[in-house]
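First up is the structure itself, then whatever we jot down about it.
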Amino acid sequence: MRIENATLADGRVVDVRVEDGTVEAVGDLDPVADEETVDAEENLLLPGAIDVHVHFREPGFEHKETWETGARSAAAGGVTTVADQPNTDPTTTDGAGFDAKAERAAKSCIDYGINGGVTADWDPDSLLDRPLFALGEVFLADSTGDMGIEADLFSEAAERAGEAGVPVTVHAEDADLFDESAIEGDLGGVGRDADADAWSAYRTAEAEAAAVERAVRVGGETGAQIHVAHTSTPEGVDAARDGGATCEATPHHLFLSRDDLAELGTYGRMNPPLRSEERRESMFERLADGRIDMVATDHAPHTREEKEQSLLDAPSGVPGVETMVPLLLGAVVAGDLTAERVRDVVAATPAEVFDLPRKGRVEAGADADLALYDLDAAREIRGADLHSKCDWTPFEGHTGVFPEWTMLRGEFVWDGDEFGEVAGENVRD
Ligand SMILES: NC(=O)N[C@@H](CC(=O)O)C(=O)O
Ligand SMILES: [Zn+2]
Ligand SMILES: [Zn+2]
């Protein structure tokens, strides 16, 4: 197959030859007889995005999401590789838990990695015996699934991961620094009528910075490669960088702030929580200038029924895998970000940090994981248009550029209208 007239993130207009699922050549390529041609019409061709932080909920919470629906949602958003988190049922904390998840993940239409988690009763021997994407997210405080662990166990886990050469991704919040007074008394209202700003006051910015500092210290002591998940504050990003760790930021911490909570209510409750508009702007600055290594969604779907409760009863988490690249390209259209930066934060850098040599670039020798975007076709994001089981989005009404098509290893997994019969693979197998 020859994709002709594609504009790459760096502005070059090229042809791309794909053979046996691999990019064979990039440049000015003459057609070969009988070769299938795909006209890119000078639209933007990006490497398929790698989202290193999703919760596809299976096994155990199929009413929220499945590997089938989560992967389709990803593909329709230009994402061709995801890494799934361990707070499922059973938890992915031993060999059997990994195997149960691997069996479900085989239904994915995009490539994937499976993370192993840490709890008091984890079994590191059997877990580290499996082809893990990373150890994590390791919960330094409770979040959905209540998998928060004590300091000693974190050190022990980092030591094991360091020995095994497996990166450690950390949910960095220190519950000792939460402000309990913020959620005492009558919070009133359910769903969109709840006062969700209290959640941001409760899970403080200081709690994140302190936990990141501890995580990078333990990384230094044990030799483990530390990656900080969903950093929500500039202080957290800076602490990760200063400590030699990498970090990711979510679309919600880059495009939403506490100012949005009056409208979102419990639909905007997540961990770590939304921060002030000032902190959001500082996060966006760090995204644009390269201090944030990558964007990952923390796609954490919950049903409307679950969210339509009081602030303390509604679960934490928002969906996002389908809207990540669209939102970032919306920022490109607005002139706030370059296309090269988007390519790096959603593809090139995650591939580098998590050692995926065939992923994340449009270059000869790489997997032909590709997505094409027409920057003139930006449109309003609507929850009803998305393909997750979660039929709502916190980004309702924001502007996004969705892919014209998405390809996994040379096969169309999404043609802008329908999904192809494509089989994803474990990137560590
Ligand atoms: N981010 C969230 O608020 N929730 C996540 C768990 C997590 O990533 O902490 C979930 O699984 O629902
Ligand atoms: Zn988390
Ligand atoms: Zn998460």
Side-chain angles (χ1 to χ4, degrees), residues 53 55 57 60-61 63-65 85 87 89 137 139-148 171-211 229-233 235-236 249-280 283 297-320 323 383 388-398:
H53 195 135
H55 298 263
R57 303 297 192 205
F61 304 100
H63 66 287
K64 297 178 197 270
E65 196 75 288
Q85 306 302 314
N87 56 339
D89 183 15
E137 59 182 293
F139 291 92
L140 300 188
D142 274 345
S143 185
T144 310
D146 296 338
M147 288 173 70
H171 178 124
E173 289 186 284
D174 180 343
D176 288 343
L177 296 177
F178 288 173
D179 180 2
E180 302 283 345
S181 72
I183 51 167
E184 278 162 9
D186 181 18
L187 292 167
V190 298
R192 294 195 185 269
D193 296 327
D195 170 20
D197 191 66
W199 200 251
S200 298
Y202 163 54
R203 298 184 79 120
T204 62
E206 293 72 34
E208 175 168 280
H230 47 47
T231 48
S232 63
T233 62
E235 295 90 336
T250 69
H252 45 276
H253 293 115
L254 292 164
F255 291 95
L256 301 173
S257 72
R258 285 171 80 157
D259 292 0
D260 293 292
L261 286 171
E263 198 175 312
L264 288 170
T266 56
Y267 290 85
R269 178 185 140 166
M270 81 288 285
N271 305 324
L274 294 178
R275 306 298 186 183
S276 67
E277 181 60 18
E278 195 186 341
R279 280 203 170 89
R280 183 197 71 80
M283 287 293 284
T297 64
D298 194 11
H299 178 78
H302 298 287
T303 65
R304 285 178 192 271
E305 292 68 32
E306 289 163 335
K307 284 292 196 181
E308 289 291 338
Q309 301 185 71
S310 73
L311 183 64
L312 297 188
D313 290 333
S316 295
V318 294
T323 46
S388 166
K389 263 203 185 177
C390 192
D391 62 349
W392 58 272
T393 167
F395 304 108
E396 189 81 21
H398 285 241

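All heavy atoms count here, side chains included; hydrogens, waters and symmetry mates do not.
P319 and P394 make their closest contact through O-CD, 3.9 Å (heavy atoms, listed as atom of the first residue, atom of the second, distance). Closest heavy-atom contact between A141 and F178: CB-CZ, 4.3 Å. A pairwise comparison of heavy atoms in K307 and A314 identifies O-CB, 3.8 Å as the closest pair. In terms of heavy atoms, E65 sits closest to C390 at OE1-N, 4.4 Å. Summarising the geometry of S200 relative to L261, their closest heavy-atom pair is OG-CD1, 3.5 Å, with the distance given to 0.1 Å. The two residues T297 and G320 come nearest to each other via the heavy atoms CG2-O, 3.4 Å.
Inter-residue side-chain proximity for M283 and F255 is flagged as unmet; no heavy-atom pair is nearer than 4.5 Å. Looking only at side-chain heavy atoms (C-beta outward), Y267 and T393 stay at 4.5 Å or farther from each other. No side-chain heavy atom of P251 sits less than 4.5 Å from a side-chain heavy atom of T323. When side chains are defined from C-beta on, R279 does not count as touching H253, because their heavy atoms never get closer than 4.5 Å. At least one side-chain heavy atom of T303 sits less than 4.5 Å from a side-chain heavy atom of H63. Put simply, the side chain of P315 does not reach to within 4.5 Å of the side chain of R269, judged on heavy atoms. A heavy-atom distance below 4.5 Å is not found between the side chains of R57 and K389. By the 4.5 Å heavy-atom criterion applied to side chains, F395 and H252 are counted as neighbours.
Checked against salt bridge (charged side-chain N to carboxylate O under 4.0 Å, His left out), E396 has the following partners two or more places apart in sequence or in another chain: R382.
With hydrogens and angles ignored, the 3.5 Å screen pairs no side-chain donor or acceptor of W199 with any backbone N or O of L274. Side-chain N or O atoms of T204 include one that pairs as donor or acceptor with a backbone N or O of L177 at under 3.5 Å. In terms of modelled atom types and a separation under 3.5 Å, the side chain of R280 and the main chain of L254 share a donor-acceptor contact. The backbone N or O of S316 sits less than 3.5 Å from a side-chain atom of T144, completing a donor-acceptor pair.
Separating the CE atom in M270 from the OG atom in S232 is a distance of 10.0 Å, to the nearest 0.5 Å. Atom CG in D197 sits 11.5 Å away from atom CG in L264 (nearest 0.5 Å). In this structure, CG in L140 is found 9.5 Å from CD in E173, a value given to the nearest 0.5 Å. Annotation: the span from L187 atom CG to D313 atom CG amounts to 10.5 Å, rounded to 0.5 Å. Of the inter-residue distances, the one linking E308 atom CD with D193 atom CG reads 8.0 Å to the nearest 0.5 angstrom.
Ring geometry, H171 versus F139: the interplanar angle falls from 30° to 60°, so the pair is classed tilted. Between H53 and H55, the angle of the ring planes lies from 30° to 60°, which puts this pair in the tilted group.
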R275 and T233: side-chain hydrogen bond (donor to acceptor under 3.5 Å, both in side chains), yes or no, with the steps? CA-CA 7 Å; R275 306 298 186 183; T233 62; 5.6 Å; no
Stepwise side-chain contact (heavy atoms from CB on, under 4.5 Å) test for S388 and H299: CA-CA 10 Å; S388 166; H299 178 78; 4.0 Å; yes
Walk me through whether V318 and L256 qualify under side-chain contact (heavy atoms from CB on, under 4.5 Å). CA-CA 12 Å; V318 294; L256 301 173; over 6 Å; no
Given the rule in the side-chain hydrogen bond (donor to acceptor under 3.5 Å, both in side chains) test, do Y202 and E184 qualify, once you have shown the distances and angles that lead to the verdict? CA-CA 10 Å; Y202 163 54; E184 278 162 9; over 6 Å; no
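Between the side chains of T250 and D298, no donor-acceptor pair of N or O atoms lies under 3.5 Å.
Under a cut-off of 6.0 angstrom, the local environment of CD in E263 is sparse, with at most 12 non-hydrogen atoms contributed by other residues, nucleotides or ligands.
For the pair R203 and E208, the salt-bridge criterion is not met [side-chain N within less than 4.0 Å of a carboxylate O].
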